[in-house]
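First comes the structure, then the notes that go with it.
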Amino acid sequence: MVSEEARLPLDSKSIKGLRTGIIGNIVNFHGVVGSTNELAKEIALSGGEEGTVVVSNKQTKGVGRSGLKWESSEGGLYLSVVLRPNVGREELSTLPLIYSLAISKAISTTYLIETSVKWPNDVLVDGKKVAGVLTQTSGKGDKVDYVIIGIGINVNNPVNKLSHDIRRKSISLSEAAGSDLDRGELLRNLLAFMDLHYHGFLQGAGPQLLEEWSDRCETIGRNVRIEMIDDTIRGSALGIDETGAIMVKQGLDMIRITSDDCVHLR
Ligand code: BT5
């Protein structure tokens, strides 16, 4: 049974002492919003500073990739960050992996709970989904105006509040730990790892981060089924390339699939 306190909204006290370069210089806390990604987009469109973070205790219209739903009851951690990287649009394809690695490290550091990552944007505990990343980009042609990184983590929100069909594939960190958890500490560590990885990304350390991601990845080396909008690929996942796309051997063919093309991987 999760206590009332463990489900209360976070506030600025929870990130006291956070020292980051870009991400987290401004953090807005909310009790309930539609979607933190939508709020972050409004901030970006009205000229908001790079690194601005929106955190909410609950979302009524949380979204996943391809228009899927992200169920967001009280006690989870839901946040979005505004970025304005001075890079071409095609260079952004590694961000879902780089940020799922940041989540994985933040969870292990904060709670000593073992996590793994699943291509392209999931974080797992005991093989069940505990968190996901949604990257949304705006710009003209190859030019990037802003990128919103949205992150949802099941912390103190009970899994039995999730819809029936996803319950058995999902887990919350409080269930894994066997007690309510301090989300403020997780938020601080997450923003610190996100900031570190963002600097790494901008300074050309993407390949090292992808290597670290691969070390934590439970998808590589497995037989997978990847559902795309108009096709399904079945085969052996051999690895990822430098863009973060997955290479799958189907029969004699080697197929390269990007995270944008993938709806579901099983
Ligand atoms: C994701 O999409 O995993 C990205 C989730 C990003 C959510 C954050 S919350 C803050 C920010 N604001 C938003 O509105 N969104 C972002 P995808 O890989 O498409 O996974 C979606 C699928 O995950 C759904 O179709 C369900 O099967 C499953 N799912 C939904 N809610 C879940 C939950 N709370 N825990 C585990 N699985 C869930």
Side-chain angles (χ1 to χ4, degrees), residues 1-18 20 23-65 67-83 99 102-103 106-107 110-111 123 129-136 146-163 166-167 170-177 179-195:
M1 195 52 190
V2 179
S3 72
E4 186 69 24
E5 199 192 335
R7 289 187 279 127
L8 289 176
L10 292 173
D11 58 31
S12 56
K13 287 199 287 294
S14 62
I15 52 159
K16 206 159 165 249
L18 176 73
T20 47
I23 294 180
N25 287 335
I26 301 174
V27 185
N28 301 328
F29 290 92
H30 298 268
V32 186
V33 300
S35 156
T36 54
N37 263 40
E38 290 307 316
L39 265 186
K41 265 184 228 171
E42 284 170 23
I43 292 171
L45 286 170
S46 60
E49 211 175 284
E50 180 176 48
T52 302
V53 182
V54 179
V55 181
S56 188
N57 193 40
K58 179 178 171 172
Q59 297 183 116
T60 53
K61 289 189 181 125
V63 286
R65 299 172 322 121
L68 296 169
K69 200 166 144 191
W70 185 259
E71 300 188 18
S72 317
S73 63
E74 287 169 339
L77 186 57
Y78 314 105
L79 65 132
S80 300
V81 182
V82 178
L83 298 179
Y99 282 114
I103 302 171
I107 293 173
T110 313
Y111 304 132
V123 180
K129 183 158 175 169
V130 77
V133 181
L134 170 68
T135 308
Q136 296 181 305
Y146 64 82
V147 182
I148 307 296
I149 307 290
I151 290 181
I153 310 179
N154 297 328
V155 188
N156 293 326
N157 52 314
V159 161
N160 64 16
K161 282 254 177 89
L162 298 176
S163 2
I166 58 172
R167 235 176 253 177
S170 312
I171 192 167
S172 70
L173 292 170
S174 61
E175 280 173 351
S179 61
D180 296 348
L181 296 168
D182 173 359
R183 281 171 298 161
E185 210 184 326
L186 178 63
L187 178 62
R188 269 196 311 278
N189 286 332
L190 178 60
L191 295 178
F193 277 117
M194 289 181 80
D195 191 59

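Everything numeric here is computed off the predicted structure, so don't read it as measured data.
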On a heavy-atom basis, which atom in Leu186 and which in Tyr111 lie closest, and how many Å separate them? CB-OH, 3.3 Å

Taking all atoms of both residues into account, what is the closest heavy-atom pair of Tyr78 and Thr36, and its distance? O-CG2, 3.8 Å

Apply the test side-chain contact (heavy atoms from CB on, under 4.5 Å) to residues Leu190 and Leu79: give CA-CA distance (whole Å), side-chain angles for both, the deciding distance (0.1 Å), then the verdict. CA-CA 10 Å; Leu190 178 60; Leu79 65 132; 3.8 Å; yes

Walk me through whether Lys41 and Glu38 qualify under side-chain contact (heavy atoms from CB on, under 4.5 Å). CA-CA 5 Å; Lys41 265 184 228 171; Glu38 290 307 316; 3.0 Å; yes

Would you mind reporting whether Ile15 and Leu10 have side-chain heavy atoms less than 4.5 Å apart? no

Enter the distance from Leu191:CG to Leu18:CG here, rounded to the nearest 0.5 Å. 5.5 Å

Restricting to non-hydrogen atoms, name the atom on Ser14 and the atom on Asp11 that form the minimum distance, rounded to 0.1 Å. OG-O, 2.6 Å

When rounded to the nearest 0.5 Å, the distance separating OH of Tyr146 from OG1 of Thr52 is 13.5 Å

With sequence neighbours excluded, what pairs up with Lys69 under the side chain to side chain contact (heavy atoms under 4.5 Å, CB included) test? Glu71

Exceeds 12 heavy-atom contacts within 6.0 angstrom, atom NZ of Lys129: yes

For residues 147-156, which side-chain N or O atoms pair as donor and acceptor with protein atoms under 3.5 Å away, sequence neighbours left out?
{"residue": "Asn154", "atom": "OD1", "partner": "Asn157", "partner atom": "ND2", "Å": "3.0"}
{"residue": "Asn154", "atom": "ND2", "partner": "Ile171", "partner atom": "O", "Å": "3.2"}
{"residue": "Asn156", "atom": "OD1", "partner": "Leu181", "partner atom": "N", "Å": "2.9"}
{"residue": "Asn156", "atom": "ND2", "partner": "Ala6", "partner atom": "O", "Å": "3.0"}
{"residue": "Asn156", "atom": "ND2", "partner": "Leu181", "partner atom": "O", "Å": "2.9"}

Hey, could you give me the CG/CG distance between Leu39 and Asn28, rounded to the nearest 0.5 Å? 8.5 Å

Would you compute the distance between atom CG of Leu162 and atom CH2 of Trp70 and round it to the nearest 0.5 angstrom? 8.0 Å

Rounded distance [0.5 Å steps], CG in Asn160 versus OG in Ser172: 9.0 Å

Close side-chain approach of Arg183 to Asn57, heavy-atom, < 4.5 Å: yes

Give every donor-acceptor pair under 3.5 Å between a side-chain atom in residues 42-50 and any protein atom, sequence neighbours left out.
{"residue": "Ser46", "atom": "OG", "partner": "Glu42", "partner atom": "O", "Å": "3.0"}
{"residue": "Ser46", "atom": "OG", "partner": "Ile43", "partner atom": "O", "Å": "3.2"}
{"residue": "Glu50", "atom": "OE2", "partner": "Arg84", "partner atom": "N", "Å": "2.7"}
{"residue": "Glu50", "atom": "OE2", "partner": "Tyr198", "partner atom": "OH", "Å": "2.5"}

Would you say the side-chain atoms of Thr20 pair up with the backbone N or O of Ile23, donor to acceptor, closer than 3.5 Å? yes

Any chance you could measure Ser80, atom OG, to Gln59, atom CD, to the nearest 0.5 Å? 6.5 Å

Does Asp180 reach the main-chain N or O of Ser3 with its side chain, forming a donor-acceptor pair under 3.5 Å? yes

What is the minimum heavy-atom distance between His30 and Pro9, and which atoms define it? O-CB, 4.3 Å

Under-4.0 Å salt bridge between Glu185 and Arg188: no

